[in-house]
Amino acid sequence: MRITAIRATPVAVPYRYDEVWAYGRRTGQVSVLVEVDTDEGLTGLAEAAAYPSADIVLASLRTVEPLVTGADPRRIEALIHRIDLVGTWHHVRATSPAIAAVEAACWDLLGQACGEPLVNLFGGTFHDRVPFLYYVAKERPEEVAQEGARAAELGFSTCYLKVGSDDPDRDVARVAALRTGAGDAMCLRVDANEAWSTGACVQLVRRLREYRLEFVEQPVSGRNLPEMARVRERIGVPLLANEASWTRQDQLAVIRHGSADALSVDHQMDGGLLNLKRSAGLCEAAGLPVVKHSLGELGVALAASLHVLAATPNFRYANQAYGALLADDVTAGFGGPAENYSAGGLAAPTGPGLGIELDRDKVERYARLYEERGAEFAFHAPGVPTSAPALPKR
Ligand SMILES: [Mg+2]
């Protein structure tokens, strides 16, 4: 089997409401659907987050295409080494989502070729149902409480809330509201996206402890690992690394410094599904759990990572997904809005390869939306953020 072409389709899918974090806002999500054609009639499907932009992903795919055309998509290690070393991409992090999509599409092709779901190629099912978190992205405390209640009604076990705003009292009020709305049984995870200084972090997390946090995610800079380790020792809440742990090399450094109690990993940020499995193995050897980070994904990328998550023991906590925000999806009956999850979880698809299909009508609809209004969905959407970002904030 030989690769003959890479096709890319950017799509824009709206959120139910705006996502807001420590230094940004977006009204929906842009992803690039990637289809890798072969001379045997099989097509591999994957998805790249538009990170940092759809244009970067599209340009990366155009540049990668000649490196993989004519290659056997089943020789995944050789193909990725060719992209990284011959193509000189190995040190260029911004291109990772595009390369990861090509890699994932090759896994889909391999699974189709041998008639097995990817979960069986990554070790077989360990978790029958993989838990995902419910992302509460509302701003006002009363709305946060309502979303927390909705998460509980839908059966989710973990809620995730961004903190690190310009007003620490508001952060505390929002976490308190989430505990009230979601109830005592809900795990609460907060993410400051590096927004706090050490002093602000220690003071604030101590105030938040009464709400029983599962993790505080990347509360301070991920670029000073010894300081992050000192923060971890002082806050009394398990610390989850994220911005500190994008790549396997980053993860190794976090482990060596003792900077986190658990690590976020993301196949789109480190070259693909095989590296996601490797990341989990690295952390397992260190005795640490991992959680899957998401840059914002539709059902295609969600399904790809889900196969690895289901086959890997140390994905023990709820993983990131955008079901709480997405108003729709481009897949036929998989992923998408939170109502489509089963008690906050998903089982790996059972069909060959990725095991899901695109809904072509929806792809067409959301490709048109990208063409007409794609700029409104970007990280740098006009008009936001209204103030210049500054980290740390306090
Ligand atoms: Mg994060």
Side-chain angles (χ1 to χ4, degrees), residues 15 18-26 29 49-52 93-94 96-97 100 131-139 144 156 158-165 171 174-175 178 187-197 200-201 204-205 208 213-225 228 231-232 235 237-248 250-251 253-254 259-270 276 279-280 283 288-297 301-302 305 309 315-326 379 385 389 391-393:
Y15 288 149
D18 284 8
E19 177 190 14
V20 182
W21 63 99
Y23 38 85
R25 174 191 293 264
R26 58 180 173 176
Q29 183 184 309
Y51 188 92
R93 290 189 180 193
S96 182
F132 288 89
L133 53 75
Y134 188 98
Y135 182 1
V136 176
K138 289 284 189 184
E139 292 182 84
V144 168
F156 283 79
T158 304
C159 280
Y160 168 93
L161 183 73
K162 297 285 194 189
V163 290
S165 73
D171 280 349
R174 291 171 71 246
V175 174
L178 183 56
C187 294
L188 303 187
R189 190 180 305 175
V190 299
D191 187 354
N193 290 107
E194 306 182 292
W196 292 326
S197 67
C201 172
L204 264 165
V205 177
L208 293 174
L213 301 179
E214 173 204 54
F215 286 118
V216 57
E217 182 171 327
Q218 203 62 61
V220 296
S221 172
R223 294 159 185 81
N224 185 348
L225 296 180
M228 196 171 139
V231 167
R232 176 192 173 204
I235 56 178
V237 173
L239 192 155
L240 174 62
N242 176 191
E243 281 84 349
S245 59
W246 287 129
T247 68
R248 284 153 294 142
D250 295 339
Q251 292 149 19
V254 168
S259 303
D261 296 282
L263 282 78
S264 299
V265 295
D266 187 331
H267 73 286
Q268 296 211 50
M269 289 298 275
D270 195 26
L276 182 63
S279 290
C283 295
L288 297 174
V290 281
V291 303
K292 164 73 172 65
H293 173 266
S294 174
L295 293 166
E297 290 169 343
L302 179 63
S305 62
L309 271 51
F315 283 99
R316 299 188 186 108
Y317 292 88
N319 300 280
Q320 278 195 351
Y322 273 63
L325 277 168
L326 284 168
F379 285 112
L391 300 176
K393 289 192 165 185

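Counting starts at 1 for both ligands and their atoms, following the listed order.
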Which atom name does D191 have for its N/O/S atom nearest to the Mg ion (ligand 1)? OD2

The Mg ion (ligand 1) to E217: nearest N/O/S atom name: OE2

Step through it carefully: locate the ring centre of Y317, locate the ring centre of F215, and say whether they are under 6.0 Å apart. yes

Proximity of Y322 and Y135 rings by center, below 6.0 Å: yes

Is R248 paired with D270 through a side-chain N to carboxylate O contact shorter than 4.0 Å? yes

Short check: any N/O/S atom of N242 below 2.8 Å from the Mg ion (ligand 1)? yes

For residues A280 and F315, report the shortest heavy-atom separation together with the two atoms involved. CB-CE1, 3.9 Å

